[in-house]
Amino acid sequence: MRAVILGAAAGGGFPQWNSNAEPCRRARAGDPAAKPRNQASLAVSADERHWFILNATPDLREQIARFPFLHPQHGLRSTPIAGVILTDGNVDAIAGLLNLREREAFTVYATASVLGVLDENPIFEVLARDVVKREAVPLDCKRPLSCADGTPSGLSLTLFAVPGKVPLYLERPGEAPPIVEGEETVGAMIEHGGRRLFFIPGCARVTPPLLARLDGADALFFDGTMWRDDEMIRAGTGSKTGLRMGHISVGGEDGTLAAFRGAPIPHRIFVHINNSNPILLSDSPEHRAVREAGWRVGEDGMEITL
């Protein structure tokens, strides 16, 4: 199983289009310690011919153009993309589907709740239902992933609930949405040949059941949105904490590094990293702390083979 990071940044990418903060200025200036990144997405394949995309970000077209293994391989029109797996209904996870509207066959896999978001928004009908299948995946139900022609891909998918919240555009005005575990925010486990890869780009807290589920994992791509909960407030770039947005912090006593201390996961990689997070800067103390804890900071094009 081969997995390639198509994008490692959170919404807005890095540098974010309207941010004049120092990290974004460094990225625009070509500073090698501030590598630009597209928005968080992962491509996985068992045979390197049929690929499954985890989360369709708004910059999916750019991601496809950048990685030749996602280019058409035969005929006048074709795609090696066999399916798209959605872990939530946020704009940053579903908007890229609109880039795939030219009547190529593939399957969208998601929970019934997330597919409901697509069903309720008529713009997604540009994905012709007679060509693009929408398959509801129940939580904790292992599902084989098929190629566009119906043949087995060799991969299987399990979606499972993680602590999170509803998408921003579905929040009620003036109300802070609760952190819940359900179909709105999920993690994805991809299996092949006894190997298990987990993709969890959004998670509000690490619970004992989640740690138990990840025990023995071969690879984990995990929410790296914030270094500290109030970093956007401190930087003057936002008014919300990371938890308010549904994301656990990387650092701190209640953060990801502490929660996974000693966890025997060979490949641990942060993705969905906000432009305010100093781990994006390879010369920062926070980046060094991540590496010393046995994690890697995700970069576009980073890949692993299991």
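- Within the model, atoms CD1 of I85 and OG of S41 stand 10.0 Å from one another, a figure rounded to the nearest 0.5 Å.
- Remark: side-chain polar atoms of S276 are not paired, donor with acceptor, to backbone N or O of M232 under 3.5 angstrom.
- Ring geometry for F199 versus F221: interplanar angle of 30 to 60°, hence tilted.
- Exactly one of F198, F270, F222 qualifies for a ring pair (Phe, Tyr, Trp, His ring centres under 6.0 Å) with F260. That residue is F222.
- Side chains of H50 and T151 form no contact here, defined as non-hydrogen atoms less than 4.5 Å apart.
- Taking the six-membered ring for Trp and thresholds of 30 and 60 degrees, Y109 and F52 have ring planes inclined between 30 and 60 degrees apart.
- With hydrophobic clusters built from ILVMFWY side chains whose heavy atoms lie under 4.5 angstrom apart, L42 shares a cluster with L306.
- None of T57, I53, D300 except one satisfies the side chain to side chain contact (heavy atoms under 4.5 Å, CB included) rule with L6; the exception is I53.
- For the pair N274 and H247, the minimum side-chain heavy-atom distance is 4.5 Å or more.
- A salt bridge links R2 to E303: one of the charged nitrogens lies within less than 4.0 Å of a carboxylate oxygen.
- The pair R66-E62 does not count as a salt bridge, with every side-chain nitrogen at least 4.0 angstrom from each carboxylate oxygen.
- Following chains of ILVMFWY side-chain contacts shorter than 4.5 Å, one cannot reach V297 starting from I5, and the two form parts of different hydrophobic clusters.
- T225 has its side chain out of reach of N277: every pair of non-hydrogen atoms, C-beta onward, lies at least 4.5 Å apart.
- Checking T87 against N55 by side-chain atom types alone, a donor-acceptor pair falls below 3.5 Å.
- Side-chain atoms of I64 and N99, non-hydrogen and from C-beta on, never get closer than 4.5 Å to each other.
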**Request:** Run the numbers on S249 and W227 for side chain to side chain contact (heavy atoms under 4.5 Å, CB included), then give the verdict.
**Result:** CA-CA 5 Å; S249 300; W227 172 258; over 6 Å; no

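- Counting heavy-atom neighbours within 6.0 Å of I123 CD1, excluding the residue itself, gives a total of 12 or less.
- Side-chain contact of N275 with Q16: a donor-acceptor pair under 3.5 Å is present, judged by distance alone.
- Within a 6.0 Å radius of CZ in R28, more than 12 heavy atoms belonging to other residues, nucleotides or ligands are found.
- For the pair R25 and D31, the salt-bridge criterion is not met [side-chain N within less than 4.0 Å of a carboxylate O].
- In this structure the side chain of L210 reaches within 4.5 angstrom of the side chain of C203, judged on heavy atoms.
- Linking ILVMFWY side-chain heavy atoms closer than 4.5 Å, directly or via other members, places V290 and M302 in two distinct hydrophobic clusters.
- In D283, the CG atom is crowded: over 12 heavy atoms of neighbouring residues, nucleotides or ligands sit closer than 6.0 Å.
- Looking at L86 and V117, their side chains never come closer than 4.5 Å, going by heavy atoms from C-beta outward.
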**Message:** H267 vs R296, test: side chain to side chain contact (heavy atoms under 4.5 Å, CB included). Steps then yes/no.
**Reply:** CA-CA 8 Å; H267 301 281; R296 285 188 284 171; 3.4 Å; yes

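- When the salt bridge (charged side-chain N to carboxylate O under 4.0 Å, His left out) test is applied to D230, the partners found at least two apart in sequence or on another chain are R228, R234.
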